[in-house]
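Below is one structure, written out as structure tokens; comments come after it.
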Number of protein chains: 2
Amino acid sequence: MTFRIGMLIFPDITQLDMTGPHEVFTKMPDTEVMTLWKTLDPVTAGGGMRILPDVTFETCPALDLICVPGGAGMNPLLNDEETLNFIRKQAETAQYVTSVCTGSLVLGAAGLLKGKRATCHWLSRDMLKEFGAIPDASRVVIDGKFISGGGVTSGIDFGLTVAAEILGEDKAKAIQLGIEYAPDPPFNAGVPETAGQDIEQATRDAARARQEERLALVQQAAAKL
Amino acid sequence: MTFRIGMLIFPDITQLDMTGPHEVFTKMPDTEVMTLWKTLDPVTAGGGMRILPDVTFETCPALDLICVPGGAGMNPLLNDEETLNFIRKQAETAQYVTSVCTGSLVLGAAGLLKGKRATCHWLSRDMLKEFGAIPDASRVVIDGKFISGGGVTSGIDFGLTVAAEILGEDKAKAIQLGIEYAPDPPFNAGVPETAGQDIEQATRDAARARQEERLALVQQAAAKL
């Protein structure tokens, strides 16, 4: 039996949220990985890269794993019933319901994370509380069938964790060796605690408008649950 | 002045070689990042993801940085004069000539790495010698205007290193914080030395046919230099 993985894509997605785990997932044997969106038209990511959806909400088969990535473009999805209904329907039968980065807020808006532990990009993690979820600062969080990864690059750690859940540790290690994942960042600035106050503050300042809009949309979505 | 970055894409590319640094590069201020190939038709990566090229070899402007990613599909590029000539021409005027993964073999085939230190995916790193390059097992290698990253995921370390070269350390750190790059692999199997002999041998066995074909094509390309 082919294991079917569907990864949501949408305008203004942070493509690395999706492309990191996509690379891991496509190296899993007997696994089909598809990108999905409302139409088959190219989707333009936040950085301008254009990716083609493989299936639409209508043509997408029942998935064994659904993954919702994040990025600035998830803001409008928080109150988009078409997308939320698609996710809810797939989540009923999927073995795993997963997210990377701010994708967990979309799972929250779909009403799927009540009482569940989940993670999110550090800038938006606290917003999970609005949906009754329990924010967890771990890089990858497993709570039953729900698996979430933190911000952007955590999608690779997330992907390998998922691969190990499904295939066992040895097959996940073989994928890790294949993608030479022995990370060696040139700096130690990946989380606010190590980046230093100036860099953290500059990041918060630059994101303020988007984050304020996001919080309002999260509250609006949470009020409907 | 906009800093122009062009990233080669091609059929059967390992998309994460490209999408990792693409995410970093698109977060650099005053920077334009474009994917490029022979035509504007969608390019299908090794794992099936379809990406649209932004420009062709003909419409591509003079680049400040050219980046050649890798993947199984670089084998045919080793003796593809159209691609090699495009890279040679851009390399003459580019400030930086770069690669991720087995993309360094394509730079070698273009005759650009004679006497230069460079890295490559661990499985193919020794082949750099055929082009007169000096293989270096570091995750990111800088030799003058030539910057190379190792296998697949090293593209993120590579991207941040490039960002620091161009913008300085603080701006690179801000990008690192934005993409929450505090990697925490679930296993320690990213290089043969830590993956264990069984997993290394299985990876070598699975790759044998492609690697034998690659070596023959590398030697054919090297003979023309």
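The chains referred to below are lettered A, B, ... by the order of the sequence lines, with proteins before strands, and numbering in each begins at 1. Note that the structure is predicted; figures quoted are calculated from it, not measured.
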Residues, nucleotides or ligands: over 12 heavy atoms within 6.0 Å of A/Asp198 CG: no
Pairwise side-chain contact, A/Pro183 with B/Tyr181, heavy-atom cut-off 4.5 Å (strictly under): yes
Side-chain heavy-atom pair B/Glu23, A/Met49 within 4.5 angstrom cut-off: no
Partner chain A: residue of B/Ile51, B/Val152, B/Asp17 with the largest heavy-atom pair count (under 4.5 Å): B/Val152
Chain A contact via B/Thr194 - which portion, at a heavy-atom distance below 4.5 Å: neither
Residue part contacting chain A, namely of B/Met18, when any heavy atom lies under 4.5 Å: side chain
Exam field: side chain A/Gln15 to backbone B/Thr19, donor-acceptor pair closer than 3.5 Å: yes
Heavy-atom pair count under 4.5 Å with chain B, highest-scoring of A/Pro192, A/Ala182, A/Ala172: A/Ala182
Within-4.5 Å side-chain heavy-atom neighbours: B/Val140 and A/Pro186: no
Expected output: side-chain B/Arg50 to main-chain A/Pro53 donor-acceptor under 3.5 Å: yes
Backbone N/O of A/Ile179 and side chain of B/Thr153: donor-acceptor pair under 3.5 Å: yes
Donor-acceptor contact present, side-chain A/His121 to main-chain B/Gly178, <3.5 Å: yes
Closest contact, heavy atoms only, B/Lys173 versus A/Ile199: CB-CD1, 3.5 Å
Flag, side chain of B/Glu180 to backbone of A/Trp122, donor-acceptor distance under 3.5 Å: yes
Separation of B/Asn188 CG from A/Leu177 CG (nearest 0.5 Å): 11.0 Å
Under 4.5 Å from a heavy atom of chain A, the part of B/Ala174 involved: both
Most chain B-contacting option - heavy-atom pairs closer than 4.5 Å, from A/Ser154, A/Ala207, A/Ala195, A/Pro185: A/Pro185
Closest contact, heavy atoms only, B/Glu169 versus A/Phe187: CG-CE2, 3.0 Å
B/Lys38 atom NZ, neighbour heavy-atom count above 12 within 6.0 Å: yes
Separation of B/Ile156 CD1 from A/Ile156 CD1 (nearest 0.5 Å): 3.5 Å
